[in-house]
Amino acid sequence: MRIGALEAGGTKMVCAVGNENGEILKREVFPTTTPEETMPQMISFFQREEVEALGIGCFGPIDPRKGSKTYGYITSTPKLAWQNYDIVGEFEKALHCPVGFDTDVNAAALGEAFYGITKGLQNSIYITVGTGIGVGVYSEGRLLHGMMHPEAGHILMRRHPDDTYEGWCPFHKDCLEGLAAGPALEKRWGSKGDTLTDREEVWEIESYYIAQACVNYCMILSPERIVLGGGVLKQPSLIPLIRKKFTELLADYIRTEEVHDVEHYIVPASLNDNQGVMGCIRLALLAVEE
Ligand code: ADP
Ligand code: ZN
């Protein structure tokens, strides 16, 4: 089967064709400008490739609730041209095939859960720390949505005692994203994350926030494994520090085998940055099954 995958991001649209095994056969990238310009480029790619189903992992917020009036829409995004845009409807009209739809980070969580490091587990989460922070939740063998989808990048934090940076989230200032996404590093320290490798204090504060978030997600969602992805996690010292602080903050309150084996509990993403696209392939297959 020829399966279309679209990782829809705020700056670029990654379009791909794959098969049931999650293998990516072809890929093309288009800049995200306006729907008038970008949609026809993507549609002609998928038409040319004769895809029989499409899965979309989309920047948000989105409406992923089947039966809702605005199901399949990108809703209140700061990317104004795409606000209240019926992306699923437009692809269905053009391609006449089943279309699966979820958030970009839920797609990545699904990619890891079906093809990657959380394969076989019924409960896992995927956290991306990049330009923003997002969390995909795979719970009891399916992606968690609730009333829309989790927005666990915006949880409120206990501050690091040495951190005086006010935070940049336009809604909450010092939520997790406001304190720990890539732009927070840049604003707090005056240069981009990848130039700060030697500054111990940078990663001390950064790991404290990500570890704290992992503790909260562990307590609330009880995942069997936590996967970390995104640009900021490319920093080599970060994951070991997060594991150490996670264990300290948890204070042996949770005593499962999983948590005690922290090297296998908190792990880097495993699919060479293809977890999003591979998750979209799976979303398409789920839409076909329906
Ligand atoms: P996006 O979130 O836009 O999809 P990424 O996941 O690649 O993109 O994240 C981009 C962010 O990651 C930027 O803020 C960038 O400065 C930061 N970043 C990239 N590489 C590193 C690194 N090695 N160490 C720390 N931060 C990094
Ligand atoms: Zn926020």
Side-chain angles (χ1 to χ4, degrees), residues 6-16 27 29-32 56-62 76-79 82 103-109 111-112 126-136 148-159 163 165-210 212-213 216-217 227-242 268-280:
L6 165 59
E7 198 178 17
T11 55
K12 62 180 199 277
M13 299 287 192
V14 180
C15 297
R27 177 194 315 251
V29 180
F30 305 101
T32 307
I56 306 174
C58 193
F59 68 92
I62 63 169
S76 55
T77 172
K79 293 224 62 146
W82 296 85
T103 63
D104 43 8
V105 67
N106 258 354
E112 290 288 354
Y126 180 95
I127 309 175
T128 178
V129 184
T131 308
I133 298 184
V135 183
M148 50 181 261
H149 47 78
E151 280 285 0
H154 292 268
I155 57 172
L156 306 181
M157 308 298 292
R158 182 195 283 173
R159 261 180 183 276
D163 188 15
Y165 173 57
E166 62 173 359
W168 68 279
C169 173
F171 295 91
H172 320 109
K173 278 203 181 303
D174 58 357
C175 64
L176 174 62
E177 181 170 297
L179 289 173
L185 282 174
E186 196 176 333
K187 291 179 167 87
R188 182 188 290 111
W189 303 104
S191 64
K192 281 193 181 282
D194 57 356
T195 66
L196 296 165
T197 304
D198 302 334
R199 302 268 304 270
E200 224 175 277
E201 66 278 25
V202 171
W203 309 110
E204 160 65 30
I205 291 179
E206 182 69 11
S207 61
Y208 177 73
Y209 291 131
I210 300 174
Q212 205 185 129
N216 291 339
Y217 305 146
V227 185
L228 298 174
V232 176
L233 268 308
K234 300 255 150 65
Q235 195 57 227
S237 63
L238 211 39
I239 289 189
L241 279 172
I242 292 167
S270 71
L271 296 170
N272 297 318
D273 292 333
N274 287 325
Q275 54 274 18
V277 170
M278 292 169 81
C280 292

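Model, not experiment: these values are computed from the prediction. Order of appearance sets the numbers: ligands from 1, and atoms from 1 within every ligand.
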For His154, what is the atom name of its N, O or S atom nearest to the Zn ion (ligand 2)? ND1

Output yes when a side-chain donor or acceptor of Arg188 lies under 3.5 Å from a complementary backbone atom of Ala180, and no otherwise. no

List the steps, then state whether side-chain hydrogen bond (donor to acceptor under 3.5 Å, both in side chains) holds for Tyr209 with Asp163. CA-CA 11 Å; Tyr209 291 131; Asp163 188 15; 2.7 Å; yes

Ligand 1: which protein N/O atoms lie under 3.5 Å from its N/O atoms?
| from | atom 1 | to | atom 2 | distance (Å) |
| --- | --- | --- | --- | --- |
| ligand 1 | 2 (O) | Thr131 | N | 2.8 |
| ligand 1 | 2 (O) | Thr131 | OG1 | 3.4 |
| ligand 1 | 3 (O) | Thr131 | OG1 | 2.5 |
| ligand 1 | 6 (O) | Gly231 | N | 2.8 |
| ligand 1 | 20 (N) | Gly231 | O | 3.4 |
| ligand 1 | 24 (N) | Gln235 | NE2 | 2.7 |

For the Zn ion (ligand 2), angle spanned by Cys169 SG and Cys175 SG (nearest 10°) is 110°

Does Trp168 reach the main-chain N or O of Glu177 with its side chain, forming a donor-acceptor pair under 3.5 Å? yes

Among the N, O or S atoms of His172, which one sits nearest to the Zn ion (ligand 2)? ND1

Check step by step if side-chain contact (heavy atoms from CB on, under 4.5 Å) holds for Cys58 and Asp104. CA-CA 5 Å; Cys58 193; Asp104 43 8; 6.0 Å; no

Is there a side-chain contact between Asp273 and Lys234 (heavy atoms, below 4.5 Å)? yes

Tell me, do Thr11 and Thr131 make a side-chain contact under 4.5 Å, heavy atoms counted? no

So Leu196 and Ser191, do their side chains get closer than 4.5 Å, heavy atoms only? yes

